[in-house]
Amino acid sequence: MKRIFPEAKAGARGPFPPFRAECEITALEWEGEIPAALEGTYFRCGPDRQFPPRCADSWPGANADGMVSAFTIGKERIDFRMRYVMTERLRAERTASRAMFGAYRNPFTDDPAVAGIDRTVANTAIVWHADTLFACKEDGLPYVIDPVTLATMGRYDFDGALGSATMTAHPKFDPATAEMLFYGGQIDGLTSRRMLFGIADAQGRLVRRVEFDAPYAGMVHDFAITPRFAIFLFVPVTTDQARVEAGGPFWIWEPHQASHIGILPRDGSASDMRWFTGPAFWSWHMMNAFEEGDLIHIDTTVATHNALFPDAVGAMADPAPFKATRITCDFGDAGNVMTQRPLAEFASDFYSCDPRYVGQPYRYGFMAASAPACPPAPGYNAIIRLDHIEGRMKIWPGGDQCAVQEPVFVPRHADAPEGNGFLLVVVSDFRAHRTLLRILDTERDDLTPVATAWLPFLIPMALHGTFVPRAQIDRSERDDQTCD
Ligand SMILES: [Fe+2]
């Protein structure tokens, strides 16, 4: 008998083998000056497989259990904690002491004993809304996480009002209204093209719910908002019931299909959606979107083709880099054509902007990138602040063999100018085999860090995170006590 992860069997454990340890370190080692603006907790979420997989998988990385981590930042102290999201699926597998669920989004490959148990692993993003912390993945409902202990509190569906089996891992937060805007895909069946757009108000109540049909049953990983619109990108990575039932991959790349952008008035119905069309491309994450007269600009990752999923005959395309790109749709034009122009020439992803400017005309975008002049790393090697007005960049190199993860921006103070503040960046240092939390100052030349804390080991790469000020967490905990 044995229990061995395939990453180990292959002898190529990769940069991030399964870690699987839930852990806590009080008072990390650190040096520098910790900014007062960062008193709070930087939460992150990513995949970390608990058990060796049950079968071959079309997308194993996305099918690993959700692990949330937290850097809790005080005046001169940073604590660290990491725990699994205790999903229904992970509970079932821990009871069985082995993987019971099969391939990514394919229940036909599961052990029949787990039929009917929610399959999501909640491993993609962690977001904060209405004093509540949610771990999210687009194939299921979010799980509520205790922001202090990281204990899993249970699934969330707006007390049954959501009417969907899924919710995106990339909701958007309107800085003017404090609303959370979101969507769900495949809401009424594993491979359906039925989608949902929803708005939760500042108190977390579901105040708007619109259903619509996508052009095809495809992946919609991220979306964008402006004050008037919700913007959906449909790129031709599609699913098919017969293929999934036959044990095939959930997603395939169909380059003969068009890409579509659906722009829905936030207060409109499905029939009000305005459609724009272009050639096939692949998109991942949004930087921002904004209105300029009749124009809608959408800043996002664009790859000329998909290199993550096979095509209909099982062929994988050569890798195509994600590049920051501005897509523009013209409401004043009777046509339905979208245009594209590049924002940067090298590969990049994990985009964001100053959260106070979401949906607004904005100057600064943040991203992780493969910057040509920076030392190499097994992953993105630099953090960039992109200045859309002057077309310039500040570039911070992560260091030799240091892979940078998603940057999360925190303003220096509530009234600070746009983009003036700090970037929280976790860095995997493969030379020293440790994990760094770097705090970059956007006003310094080349974003030079003002402080660094470190874990004395490598942890798996997380995907997305969020910073929550301590005052909001304290209020959340008080509210919980009141409810009890
Ligand atoms: Fe994502």
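These numbers come from a predicted model, not from an experiment. Atom set for the values below is all heavy atoms of this structure, side chains included, hydrogens, waters and symmetry mates excluded. Note that ligands are numbered from 1 as they come in the structure, with each ligand's atoms numbered from 1 the same way.
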- Message: Pairing donors with acceptors under 3.5 angstrom, does anything connect the side chains of D349 and H285?
- Response: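 There is such a pair between these side chains.
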
- What protein atoms of element N, O or S are positioned under 2.8 Å from the Fe ion (ligand 1)?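 Protein N/O/S atoms under 2.8 Å of the Fe ion (ligand 1): H170 NE2, H221 NE2, H285 NE2, H464 NE2.
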
- Message: Cation-pi check for F422 against R412: NZ or CZ below 6.0 Å from the six-membered ring centre and within 45 degrees of the axis, yes or no?
- Response: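 Yes, R412 lies over the aromatic ring of F422.
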
- Query: For F229, what residues pass the ring-ring contact (aromatic ring centres under 6.0 Å, His included) criterion, not counting sequence neighbours?
  - Reply: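 Result, ring-ring contact (aromatic ring centres under 6.0 Å, His included) vs F229: F331.
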
- side chain to side chain donor-acceptor pair (under 3.5 Å) against D387, all qualifying residues, sequence neighbours excluded: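 Partners of D387 by the side chain to side chain donor-acceptor pair (under 3.5 Å) criterion, ordered by chain and then number, come out as R363.
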
- Query: For E345, what residues pass the side chain to side chain donor-acceptor pair (under 3.5 Å) criterion, not counting sequence neighbours?
  - Reply: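 Residues passing side chain to side chain donor-acceptor pair (under 3.5 Å) with E345: none at all.
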
- Task: Keeping the roles fixed (side chain from E292, backbone from H297), state whether a donor-acceptor pair exists under 3.5 Å.
- Result: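 Absent.
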
